[in-house]
Amino acid sequence: MIDAQALGQLAGRLRSARAVAAMTGAGISAESGVPTFRGPDGLWRNYSAMDLATPQAFARDPRLVWQWYRWRQGIIGKAEPNPGHLALARLQSRISGFTLTTQNVDGLHQRAGSAHVIELHGNIWRARCAGGCGFVRDVAGEPLGEPDAVPVCRCGALLRPDVVWFGESLDAARIELAVRAARDCDVFLAVGTSALVHPAAGLPLLAGRAGALVVEINVDETPLTPQAGLVLRGKAAEVLPALELRL
Ligand code: BJW
Ligand code: ZN
């Protein structure tokens with residue numbers, strides 16, 4: 001049962017807000033059938049982050065890394081945006097100064113109609129040169145050679161998924177935009193994220209310190225919970241459409 005009082009309170013704050021920032025994590029895509037990372041059914045239960053999501057892992061075994069990303073592309077390719085993605089896209093058109101930042105690489109926000117999405121951790125539908133020549137290729141719906149092969153850049157170096165792995169810096173322009181949105185907002189919505197991975201996990205804290213109401217929408221408690229001014233326990237795909245109805 002969604003907390004109706006908290007929902008009403010939040011709707012009121014959103015109506016009077018000058019700027020709103022939302023940041024999503026894997027939890028918003030759970031209802032679309034995309035696995036999250038942490039938790040009982042999370043990817044890190046069966047796969048080691050250090051073997052798959054670090055530059056060292058790619059240097060050691062690029063084939064294994066590509067197999068894992070192709071497997072995830074297969075799941076994401078069949079997934080559809082859910083009512084949570086759709087509600088966020090509509091919130092953007094109804095609320096002025098709405099900025100959406102996501103840690104997800106699945107592209108489901110854009111498919112739901114959200115515009116100017118700040119993708120902090122990249123996008124699984126792009127590949128880029130691992131050798132640093134700057135080449136980036138859209139790989140949506142495109143077989144990258146043999147299923148088990150490692151795709152090669154036109155410069156001869158290997159291509160890699162255009163995502164941000166542990167130990168890698170986030171794109172400076174994107175994190176700068178996300179920081180600005182967090183600092184400038186009146187309400188910050190943290191949706192479906194474990195709030196463990198930095199620097200993304202620091203954004204709601206930044207917003208809170210700058211005076212924003214920080215709202216957590218999540219099925220479970222996270223390290224952010226004690227810092228949140230308002231907590232809506234529940235599935236993003238249910239809470240966000242319910243919130244939209246109250247606006
Ligand atoms: C639902 C739901 C439903 C379920 N409805 N909710 C400061 C302090 C400590 C460490 C560091 C620090 N600064 C940097 C670091 C190191 C590291 C880090 O943060 N480590 C921590 C884990 C300790 N960060 C980095 O390395 C970053 N780089 C960086 O900072 O560079 C400079 C630097 C380097 C080294 C040292 C210091 C500085 C890069 C991080 C890159 C993260 N990459 C990944 C993979 C991306 C590509 C891919 O997808 O393959 O990004 S890891 C993975 O975690 C992925 C996610 O975007 C990210 C966050 O996960 P998310 O989205 O929160 O998902 P889950 O699964 O964790 O949580 C799901 C949540 O949903 C849960 O809470 C559920 O309850 C909830 N949920 N169903 C609502 N239906
Ligand atoms: Zn190249």
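Side chains included, hydrogens not; waters and symmetry mates left out as well; all remaining heavy atoms used. As the structure lists them, so they are numbered: ligands from 1, and atoms in each ligand from 1.
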* R233/D3 ion pair, N-O < 4.0 Å -> no

* Asked: Heavy atoms, side chains only, cut-off 4.5 Å: are L10 and L189 in contact?
  -> yes

* **Residue pair T24 / H109, side-chain donor-acceptor N/O under 3.5 Å** => yes

* Asked: Hey, is D138 close enough to R126 for a salt bridge, meaning N to O under 4.0 Å?
  -> no

* Carboxylate-amine/guanidinium contact E168 R160, below 4.0 Å -> yes

* Select all protein residues for which some heavy-atom-to-ligand 1 distance is less than 4.0 Å, and list them by chain and number. => G25, A26, G27, A30, E31, T36, F37, R38, Y69, R72, Q103, V105, H121, V163, V164, W165, F166, G167, E168, S169, L170, G192, T193, S194, L196, V197, H198, P199, N218, V219, D220, T222, G234, K235, A236

* Asked: Does the ring center of W165 lie less than 6.0 Å from the ring center of W68?
  -> no

* Structure fact -> Within less than 2.8 Å of the Zn ion (ligand 2), the count of protein N, O or S atoms comes to 4

* Side-chain H-bond candidate by donor/acceptor type, T225 with E216, under 3.5 Å -> yes

* Taking NZ, NE, NH1 and NH2 as the nitrogens, is one of them in E244 or R90 under 4.0 Å from a carboxylate oxygen of the other? -> yes

* So, R111 and D106, do they make that salt bridge, N to O below 4.0 Å? -> no

